[in-house]
Amino acid sequence: MTMFLQFKSQVSQVLTSALEANGLEITDLSFEESIHADIASSVAFRLAPVCRKSPKDIAEMLAGSIELPKDGLIDRVETAGPYLNFFANPTFLDRTVSAIRTQGPDYGAQTGRGKVILEHTSANPNGPLHVGHIRNSIIGDTLARILKRAGYDVETQYYINDMGRQIAIVSWALEHFDFDTEKKTDHAIADIYIKANKVLNDEPDKVAEIDELMQRIEHGDPDVAERFKHAVDLSMDGVKHTLERMNVHHDSFAWESTYVRNSDVSTTIDRIKDTGRAVVDDGALMVDLTDYGFEKKLVIQRSDGTSLYTTRDLAYHLWKAGHCDRMIDVLGADHKLISGQLKAVLNALGEKEPEIVIFEFVSLPEGSMSTRRGKFISTDELLDQIDAQALVEVEKRRPDTDDEFKHNVANFVGIGAVRYDVVKVSPEKSTVFDWREALDFEKQGAPFIQYSHARACSIMANAEESGIDMAALEHDISVLVEDQEIELIKYLARFPVVIESAASDLKPHHLATYARELADSFNQFYRYVPVLNAEAPLRDSRLVLVDCARTVLAIVLDTLGIYAPKNM
RNA sequence: GGGCGCAUGGCCAAGCCUGGAUAUGGCAGCAGCCUCCUAAGCUGAAGAUCGAGGGUUCGAAUCCCUCUGCGCCCGCCA
């Protein structure tokens, strides 16, 4: 158990005993986080009606009968009006520092919690990733990293929609328009996809050609399959490159067409028919989900016999259900309804359901983005602009360094800034993309956290240069008495709790918030507490603390998918 | 017409699930700090009827209801 939870459990025990001593019993101890204490309890409010006394009197009465165990982690309890404020003792601080030193990069890591298949990004291969897609990628990738640290065996998957209507259009477009071989392939695909949509819109008779392609792919025409694959590859090559640039990783790629070819789709349809929920309407096959609260039926087969995205997605989820303990899908807000229907069908089939993480849309100041209409800002363009702007910032701050250093720093600062800006916002908030804001390397974004890490590294490098062996240092917690030192250790102690809650709530932005607070705490320590100029015994303990802060900052940054620099 | 989500200083966010102490940060603007481990840092002052109205409660940014505004969605697209 983590240090903080041990502390909390001890507080819980002493408080319960104090309640018993006064003949009181209550299940909710009303713990809360507070700036006034390490753990606070407002239980006195709750007891007021029972005791017929003021909350303030009850708090004092309870505080008076609290007995602290000698070898525990609690330093003292204080009352502040109706509140009971508990504080951690030096043992707590000492064990936190020791745990970080011993565990190093494994601090806050658990193991053996089962297999998770986490699907994210899964953008259609009809063009490059745009700035809306990266919200999916960054939330998904960060979540995967958090779950790994929380002890899950995570496999991230990108589901490639390689047989949808838009791929038929791309494939058709490749035969009718010139493909710009000078451009990055995903961008060139978008160009002809936009053109094709315009033509299909102006000349509706050509739509029949798309319908024919759809028929042929459904029936396994090898020539059409080859053409589709070529189109998808061109798009995916570019997409993969963009993801790599952002340090977003997928362990595997699942191809939609697989589930048609291996007959999983027809098996799925049969299984749904067996539930007795399938009805035929105008020649199309639909599922009745009214008992799940869905008014309209879900179409799973067109009247021409071809399957739909939903059907293939169901087959895909059935496959996933058989290969993991938990499925997690990161999806855009437009998938809310369909993912609910998907869960309902899986439930009706008696199968595991995915946990859905929904994020709201990113729009442009002039309106929503659309690949089809060519209204989007590509992620590549954003990354290029960010990189250029980051270089300007490095030039300004480190003019004395060489070009390689500057470009290197600009790169990790830029990527970090993008990832942090996206992940720090809670997913249910819709956002508007703004160039001025995107290129503003505001304080307390990723560079702020990276900088804190670099500062910690710098202190350690200087120490080692002067002949100090970091690994051999001993620490004495009793000499670390400054507020900034104690605050910093308390923040370090919270890390495992933050990972656990981010993992269980599937909320990566909690980690982003923590990262900023930790960096903040370290920067205050850095400003007020001299390390290398301190007297030897004190200096050694402070160096150990710097090492711990560096370790945790590095873990946090890594879990956010952001590079932790030694120098910047 | 129905469903889901969002609304917090001039701007952008956290907090809301699980009600509790002067609502937490950043940006912009104001006033300061490098003879001291990297100033991408630190400090201070200023700035908020937490969309509106009602309700529950000893107590509401947080829970419930109504309304307004914005985004997304509502059977053979994905």
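Owing to the predicted nature of the structure, the values given are computational and were not obtained by experimental measurement. Lettering follows sequence order; numbering is per chain, from 1.
- Heavy-atom distances under 4.0 Å link RNA chain B to Asp282(A), Ala284(A), Met286(A) of residues 279-286 of chain A, given in residue order.
- Of the charged side-chain nitrogens involved, at least one lies within less than 4.0 Å of a carboxylate oxygen, so that Lys406(A) and Glu395(A) count as a salt-bridged pair.
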Writing each nucleotide of RNA chain B 5' to 3' as (, ), [, ], | or . by Watson-Crick or G-U pairing under 3.5 Å yields (((((((..((((......[...))))..((((.......))))......(((((..]....))))))))))))....

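- No salt bridge links Glu218(A) with Arg216(A); every basic N to acidic carboxylate O contact stays at or beyond 4.0 Å.
- A heavy atom lying under 4.0 Å from RNA chain B marks the following residues of residues 354-369 of chain A, by number: Glu360(A), Ser368(A).
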Distances for protein N/O vs nucleotides 32-34 of chain B N/O pairs under 3.5 angstrom?
none

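- The pair Lys56(A)-Glu60(A) meets the salt-bridge criterion, since a charged nitrogen lies less than 4.0 angstrom from a carboxylate oxygen.
- Nearest nucleotide to the side chain of Met568(A), out of C77(B), C42(B), A40(B): A40(B).
- Across the interface with RNA chain B, nearest-nucleotide mapping of Leu298(A) and Ala37(A) shows Ala37(A) to be the residue nearer the 5′ end.
- For Asn523(A), whose side chain is taken as the heavy atoms from C-beta onward, the closest listed nucleotide among G41(B), A21(B), C72(B) is G41(B).
- Taking only distance into account, the side chain of Ser458(A) never meets the base of C37(B) through a donor-acceptor pair shorter than 3.5 Å.
- Using a 4.0 Å heavy-atom cutoff across all strands shown, Val413(A) reaches at least one base atom of the nucleic acid.
- Taking only side-chain atoms of Arg302(A), from C-beta outward, the nucleotide of G26(B), G75(B), C76(B) with the closest atom is C76(B).
- Following rounding to the nearest Å, Arg312(A) (CZ) and C77(B) (C1') show an atom-to-atom distance of 10 Å.
- Lys296(A) comes within 4.0 angstrom of sugar-phosphate atoms only, judged by non-hydrogen atoms across all strands, and of no base.
- Atom CG of Asp440(A) is separated from atom C1' of A28(B) by 10 Å (rounded to the nearest Å).
- Among the atoms of the strands shown, none is found under 4.0 Å from any heavy atom of Gln450(A).
- Counting heavy atoms from C-beta on, the side chains of Arg494(A) and Val498(A) come closer than 4.5 Å.
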Could you walk me through whether Glu485(A) and Arg542(A) pass salt bridge (Lys or Arg N to Asp or Glu O under 4.0 Å), step by step?
CA-CA 8 Å; Glu485(A) 293 168 330; Arg542(A) 285 179 176 169; 2.6 Å; yes

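- Residue Ile35(A) places its side chain closer to U22(B) than to any other of U22(B), C76(B), U43(B).
- In this entry the distance linking CZ of Arg542(A) with P of C36(B) reads 18 Å, nearest Å.
- Side-chain proximity of Met214(A) to G71(B), C36(B), A78(B): nearest is A78(B).
- We find that CD of Glu218(A) is positioned 12 Å from P of C77(B), with the value rounded to whole Å.
- As a whole-Å value, the separation of Tyr292(A) OH from C74(B) P is 22 Å.
- Asn523(A) and Arg455(A) are linked by a side-chain donor-acceptor pair at a separation below 3.5 angstrom, with hydrogens and angles left out of the test.
- Remark: the Glu209(A) side chain and the Trp172(A) side chain contain an N/O donor-acceptor pair separated by less than 3.5 Å.
- Looking at heavy-atom distances under 4.0 Å, Asn85(A) makes contact with a base.
- Comparing A21(B), A39(B), G5(B) by their nearest atom to the side chain of Lys336(A) picks out G5(B).
- Using cut-offs of 30° and 60° for the angle between ring planes, the Tyr514(A) and Tyr491(A) rings count as tilted.
- Among the protein residues, Ala40(A) comes within range of the nucleic acid bases, having at least one heavy atom under 4.0 Å from a base atom.
- Close placement of the Phe45(A) and Tyr83(A) rings is indicated, their centers lying within 6.0 Å of each other.
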Whether each nucleotide of nucleotides 12-20 of chain B has a protein heavy atom under 4.0 Å at its base (B), only at its sugar-phosphate (S) or at neither (-) is summarised, 5' to 3', as S-SS----B

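- Rounded to an integer number of Å, the gap from Leu213(A) CG to C77(B) C1' is 16 Å.
- The cationic group of Arg312(A) does not satisfy the cation-pi geometry with Tyr259(A), failing either the under 6.0 Å distance to the six-membered ring centre or the 45° limit from the ring axis.
- Crowding of Lys490(A) atom NZ: a count of heavy atoms from other residues, nucleotides or ligands under 6.0 Å exceeding 12.
- Comment: Asp291(A) engages Arg277(A) in a salt bridge, judged by a side-chain N to carboxylate O separation of less than 4.0 angstrom.
- As judged by a 4.0 angstrom heavy-atom cut-off over every strand, Val409(A) is placed among the base-contacting residues.
- Syn is the conformation of G75(B), whose glycosidic angle sits no further than 90° from 0.
- Residue Tyr491(A) contributes atom OH, which lies 10 Å from atom C1' of U24(B) at whole-angstrom precision.
- Rounded to whole Å, the distance from CG on Asp334(A) to P on C74(B) is 9 Å.
- Place Leu84(A) and Arg397(A) on RNA chain B by their nearest nucleotides, and Leu84(A) ends up nearer the 5' end.
- Contacts of Lys343(A) classified as salt bridge (charged side-chain N to carboxylate O under 4.0 Å, His left out), with partners at least two apart in sequence or in another chain: none.
- Phe294(A) comes within 4.0 angstrom of nothing in the nucleic acid, heavy atoms only.
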